[in-house]
Amino acid sequence: TPACEVATAAVFSHEHLTRNSSAIKMADFLAGRSRNDCEPITRGLYAEVDTALNWLEKFAPARMTGTGAAVFASFDHEAEARAIFEQRPAGLDGFIAQGLNSLESSSGGD
């Protein structure tokens with residue numbers, strides 16, 4: 001996460017925000033077959049987010065959460081994620097988390 005706060009209202013009210021995208025299915029999102037319409041706007045308004053995404057994209061496909069400012073990428077191995085996290089530029093913070101890439105409930109119930 002870069003050291004900036006994104007004003008969600010500024011992103012959603014931006015004249016260049018795409019407002020007619022078709023809905024996506026969760027399976028497509030989890031498979032990386034989707035886009036974040038807010039990303040180009042946020043990248044243009046907040047250089048810190050653009051810089052963070054450009055840096056992370058050197059290692060893996062990077063994405064932005066919601067309107068930002070947090071960014072993330074998926075790695076096959078925790079050790080790889082930790083090694084890259086340790087190389088992060090000054091001004092970026094974050095954490096390593098294990099993702100759950102399943103639509104099935106882990107509780108076994110309804």
- Go through the structure and list residues passing salt bridge (Lys or Arg N to Asp or Glu O under 4.0 Å) with Glu57, not counting sequence neighbours.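 In terms of salt bridge (Lys or Arg N to Asp or Glu O under 4.0 Å), with neighbours along the sequence ignored, Glu57 is linked to Arg43.
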- For Arg19, check salt bridge (Lys or Arg N to Asp or Glu O under 4.0 Å) against everything at least two apart and list the hits.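 So Arg19 forms no salt bridge (Lys or Arg N to Asp or Glu O under 4.0 Å) with any residue.
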Nearest atoms (heavy-atom pairs only) where [X] meets [Y]:
X	Y	result
Asp37	Ile41	O-CG1, 4.3 Å
Ala73	Ala62	CB-CA, 4.4 Å
Ser74	Ala60	O-CB, 3.8 Å
Ala7	Tyr46	N-OH, 3.0 Å
Met64	Asn36	O-ND2, 3.2 Å

- OG1-CG distance between Thr42 and Asp50, expressed to the nearest 0.5 angstrom: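 It comes to 10.5 Å.
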- Any donor-acceptor pair under 3.5 Å from His14 side chain to His16 backbone: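 The answer is yes, because a donor-acceptor pair under 3.5 Å joins these two groups.
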Under 3.5 Å, which donor-acceptor pairs link side chains of residues 84-99 to any protein atom two or more places apart or in another chain?
residue : atom : partner : partner atom : Å
Gln87   : NE2  : Ala83   : O            : 3.4
Arg88   : NE   : Leu92   : O            : 3.0
Arg88   : NH1  : Phe85   : O            : 2.9

- Query: Is Val49 reachable from Leu17 through a run of hydrophobic residues whose side-chain heavy atoms are each under 4.5 Å from the next?
  - Reply: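 Yes, same cluster.
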- Just do the side-chain contact (heavy atoms from CB on, under 4.5 Å) check on Val6 and Val11 with the steps written out, would you? CA-CA 8 Å; Val6 171; Val11 175; 3.8 Å; yes
- Message: Just so I know, are the side chains of Pro2 and Thr51 near enough to count as touching, which here means a heavy-atom distance under 4.5 Å?
- Response: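 A side-chain contact under 4.5 Å is absent here.
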- Item | side chain to side chain donor-acceptor pair (under 3.5 Å) partners of residues 58-69, not counting sequence neighbours, each pair once |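 Output for this query lists Thr8-Thr67, Ser34-Arg63.
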- Message: Taking side chain to side chain contact (heavy atoms under 4.5 Å, CB included) as the definition, give me every residue that meets it alongside Ala3, ordered by chain and number, with sequence neighbours left out.
- Response: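 Partners of Ala3 under the side chain to side chain contact (heavy atoms under 4.5 Å, CB included) test: none.
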- Check side chain to side chain donor-acceptor pair (under 3.5 Å) between Glu78 and all other residues, then give those that pass, not counting sequence neighbours.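 Result, side chain to side chain donor-acceptor pair (under 3.5 Å) vs Glu78: Arg82.
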